[in-house]
Enquirer: 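The structure follows.
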Amino acid sequence: MRLTNIAHLRLPFGRLLSYQVTVGQLGAALPVSFDQRRHVGAGDRAGSWMALSFRLPAPVPRDQLSEAWLAVISRHGTLRSVFTPGEDGAPQLHEVEVHGGDWISHQLNPGQAVNDALREVLDVACSPYSQPSHCLCVLETAAGPTVIIAGDHAHGDMWSMLVLARDLLSALSAVQAGMKPQLTPVPTFAEHTKSLTRVGPAPEKVHRRWAEVLAASGEVMPRFPLSLGPPTPTAERVEVREVLDVDDAAAFSAQAREDGVSTLSLVVSAMTAVTKELAGVPLRAVFPVHSRYDAMWNDSVGWFITNSVLESADEDPRACAQAVREAVKLGNWPLQEVLTPWGGMPEAPGMFAISWLDLRRLPVRIDARGLDAQYVGASIQTDGVMLWFILNDSGLHLRCRYPDTDQARDHVGTWLDMLVARLSSAARASVGGKLRLGGRIYRVQRASRVDIPAMVQLLSDDEIGGGREGAQNASYEASFDAIARDSSQYLAVVRDEAERIIGTMQLSIIPGLSRGGAARLQIEGLRVAAGQRSRGVGTAMLEWAHEHGRARGATLAQISTEQVRVRAQQFYSRLGYENTHVGLKRVL
């Protein structure tokens with residue numbers, strides 16, 4: 001899923017509408033979390049929201065969308081709560097009833113971009129003290145609507161946005177089928193806040209470690225180690241970078257496994273090295289960690305994020321893994337008690353924060369690619385640096401926000417350039433792209449167009465291929481182009497130390513509903529050059545293929561081969577493949 005902000009959001013031109021619900025009288029008081037108090041206590045302001053946009057494939061009547069959205073609100077008590085300023089200035093949270101309302105059309109001024117019009121709507125509707133501080137917007141086009149779900153950060157996080165999108169799509173499907181949406185109510189974030197009051201005081205070692213990190217940062221939360229210019233909020237600059245594609249991300253993760261650490265730890269290693277090289281200091285950053293400590297909160301909506309601090313002085317991956325584990329533990333305790341000696345979170349200009357989200361591991365999924373779903377951040381003024389890493393099925397993505405000053409563009413830009421280069425280099429040098437056999441090293445990579453003759457030669461070099469391969473190059477080139485455009489296909493070549501192609505195979509990820517919705521890895525066209533056979537190359541290629549499938553969510557590998565290939569069948573059997581199915585085919 002793409003991670004962007006409102007200025008960079010890709011939107012079609014259409015009619016912009018928002019659904020304005022009706023809010024009843026204030027009800028029972030609810031507990032306010034430490035982070036909510038800090039966020040809402042700063043008052044109403046533009047740009048305090050987050051959103052998720054996605055496109056539906058066909059027009060949808062507005063009454064169906066509003067009915068589905070009301071079902072979502074009914075499920076999530078968090079969406080039926082509002083903030084009000086208390087007598088002492090501290091925000092108070094109350095239950096409210098939410099009822100249906102009206103669709104409001106928002107006219108675009110001459111020359112006004114759709115993004116700017118949407119931003120104006122969300123800045124007003126989703127400010128901290130708005131009642132409610134969430135909003136459903138739609139851009140209507142002839143091809144179908146683009147839906148935007150937005151809310152003030154006090155009521156949601158990035159995980160929550162996925163929950164809301166999933167629930168809205170589920171409710172909409174029911175409405176379109178002529179049924180009443182049946183969305184079971186889930187625990188609210190206020191219940192989570194209340195549960196944290198039962199957590200005892202943090203151990204002395206936690207207090208001590210927090211104090212050490214803050215002392216090293218000048219008794220404030222960690223700051224970016226290089227100058228950002230004047231220490232006052234200024235217009236933001238947002239960079240969105242596609243750091244690693246799906247192949248490089250898989251290779252990078254393979255290296256992390258080889259090192260015995262998580263992918264995040266290996267990224268922290270790269271950030272530690274870059275920070276040390278440019279600034280000569282350890283990596284220190286605010287490190288948000290999620291507080292969904294129990295599966296009961298997985299389907300809930302709220303600000304299930306608390307802040308911790310990450311300090312990494314040693315770029316060794318295992319040392320970085322320990323730094324990440326420590327940061328998670330430091331964030332497991334209620335911040336209000338931990339930060340009492342500083343009178344709350346001691347923020348200062350230049351604060352540096354790093355957020356990490358691996359969407360592949362979340363128990364909440366939507367068809368992000370089919371829906372063209374995008375996370376959307378607001379536009380603000382800032383005096384600090386915030387990084388968001390998103391790891392998903394299409395690779396590793398990064399969004400960075402920092403002050404738009406000469407110094408920040410230079411220093412943050414250089415830091416990002418070096419980080420991306422280091423991550424890319426690590427992916428290319430990863431064990432994930434190598435086959436080690438004895439003293440030899442072979443390299444697996446995605447085939448290019450110039451490799452077609454060598455692959456055809458391999459395919460034709462056996463008792464069957466010799467009689468069916470070798471057609472005109474144009475047919476192979478057309479097929480290659482079709483394969484290259486399909487992200488579910490991986491046409492691999494294996495090169496030896498002299499860059500000669502000595503093997504090839506085609507790997508296909510096939511989604512399916514059977515076996516509980518399991519994806520399959522189909523392996524076809526596996527060939528090894530005659531001079532390289534019986535050396536373990538084919539076995540190593542299959543092991544690499546299996547890891548390729550696992551990294552893309554496949555839980556089953558399957559191979560088909562002709563009945564006359566007895567030796568090939570024996571080879572596959574030795575590697576655990578079972579002859580459990582009958583394969584049939586016919587010429588079309």
Side-chain angles (χ1 to χ4, degrees), residues 1 3 157-159 162 209 213 222 241-276 282-293 295 298 304-332 352-365 387-399 419-420 422-434 544 546-554:
M1 185 183 303
L3 179 65
D157 52 24
M158 295 175 77
W159 184 325
L162 279 178
R209 190 68 185 109
V213 176
R241 302 205 183 191
E242 308 302 318
V243 183
L244 301 174
D245 63 17
V246 63
D247 297 334
D248 282 346
F252 189 85
S253 295
Q255 184 62 55
R257 288 190 297 273
E258 177 76 8
D259 294 338
V261 302
S262 67
T263 303
L264 167 59
S265 299
L266 208 54
V267 172
V268 170
S269 172
M271 291 190 290
T272 302
V274 169
T275 302
K276 184 184 299 184
L283 172 71
R284 294 189 185 93
V286 178
F287 187 66
V289 296
H290 81 80
S291 58
R292 298 177 194 258
Y293 53 80
N298 286 355
F304 291 91
I305 297 293
T306 187
N307 285 309
S308 184
V309 283
L310 172 69
E311 182 178 64
S312 175
D314 184 350
E315 65 190 79
D316 180 86
R318 285 184 170 77
C320 293
Q322 176 57 35
V324 171
R325 286 193 293 269
E326 179 188 63
V328 172
K329 291 179 180 178
L330 292 178
N332 282 340
F352 183 30
I354 299 169
S355 175
W356 175 269
L357 183 62
D358 187 345
L359 292 176
R360 304 170 308 173
R361 296 180 178 274
L362 295 190
V364 182
R365 303 293 291 268
L387 270 69
W388 292 268
F389 287 97
I390 292 284
L391 185 60
N392 59 23
D393 293 335
S394 63
L396 179 63
H397 317 276
L398 168 65
R399 185 180 78 184
L419 174 63
V420 172
R422 194 176 186 93
L423 294 174
S424 299
S425 176
R428 289 192 297 270
S430 164
V431 296
K434 297 176 181 177
W544 190 94
H546 296 160
E547 192 56 45
H548 171 91
R550 292 189 194 99
R552 287 155 181 79

Enquirer: Kindly compute the distance separating CG (Leu162) from CG (Leu359), expressed to the nearest 0.5 Å.
Expert: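 Between Leu162 CG and Leu359 CG, I get 6.0 Å after rounding to 0.5 Å.
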Enquirer: Between the side chains of Arg550 and His546, does any donor sit under 3.5 Å from an acceptor?
Expert: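 Judged by distance alone, the side chains do not pair up.
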Enquirer: Does a side-chain heavy-atom distance below 4.5 Å link Ser424 with Asp248?
Expert: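 Counting from C-beta outward, Ser424 and Asp248 never come under 4.5 Å.
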Enquirer: Do Arg209 and Lys329 touch side chain to side chain, with heavy atoms closer than 4.5 Å?
Expert: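 No; the side chains remain at least 4.5 Å from each other.
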Enquirer: Please give me the minimum heavy-atom distance between Ala270 and Leu419, naming the atom from each residue.
Expert: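 The answer is CB-CD1, 3.8 Å.
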Enquirer: From the options Val261, Ile354, Thr263, Leu283, select the one residue that forms a side-chain contact (heavy atoms from CB on, under 4.5 Å) with Val268.
Expert: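 Among the candidates, only Leu283 passes.
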Enquirer: If I take atom CZ from residue Arg284 and atom OG from residue Ser312, how far apart are they, to the nearest 0.5 angstrom?
Expert: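 So the CZ of Arg284 and the OG of Ser312 are separated by 10.5 Å.
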Enquirer: Provide the closest heavy-atom pair for Asp157 versus Phe304 in the form atom of the first, atom of the second, distance.
Expert: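 Distance-wise, the nearest heavy atoms are OD2-N, 3.0 Å.
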Enquirer: For the atom pair CG (Asp259) and OG (Ser430), what is the distance rounded to the nearest 0.5 Å?
Expert: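 Asp259 CG to Ser430 OG: 8.5 Å, rounded to 0.5 Å.
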Enquirer: Quick one: CD1 on Ile390 to CE on Met158, what's the gap to the nearest 0.5 Å?
Expert: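 With rounding to 0.5 Å, CD1 (Ile390) is 3.5 Å from CE (Met158).
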Enquirer: I'd like to check Arg365 versus Asp393 (side-chain heavy atoms, cut-off strictly below 4.5 Å). Are they in contact?
Expert: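 Sidechains of Asp393 and Arg365: in contact.
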Enquirer: Between Lys276 and Asp314, is the closest basic N to carboxylate O distance under 4.0 Å?
Expert: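 The answer is no: the pair does not qualify as a salt bridge.
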Enquirer: Just verifying a value: how many Å separate Ser253 OG and Arg360 CZ, rounded to the nearest 0.5 Å?
Expert: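 Those atoms lie 5.0 Å apart.
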Enquirer: Working to the nearest 0.5 Å, report the span between CD1 of Ile305 and CZ of Arg292.
Expert: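 Those atoms lie 7.5 Å apart.
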Enquirer: Below 4.5 Å, heavy atoms only, C-beta onward: do Leu3 and Phe389 meet side chain to side chain?
Expert: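 SC-SC contact between Leu3 and Phe389 ruled out.
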Enquirer: Measure across Ala251 and Ala427 and return the closest heavy-atom pair with its distance rounded to 0.1 Å.
Expert: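 Scanning both residues completely, I find the closest heavy atoms to be CB-O, 3.6 Å.
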Enquirer: Under 6.0 Å from the NZ atom of Lys434, do we count more than 12 heavy atoms belonging to anything else shown?
Expert: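 Atom NZ in Lys434 is packed in, count exceeds 12.
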Enquirer: Could you tell me whether the side chain of Leu357 reaches within less than 4.5 Å of the side chain of Leu362, counting heavy atoms only?
Expert: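 In contact.
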Enquirer: If you look at every heavy atom in Cys320 and Ser265, which pair is closest and at what distance?
Expert: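 Here Cys320 and Ser265 meet closest at CB-O, 3.5 Å.
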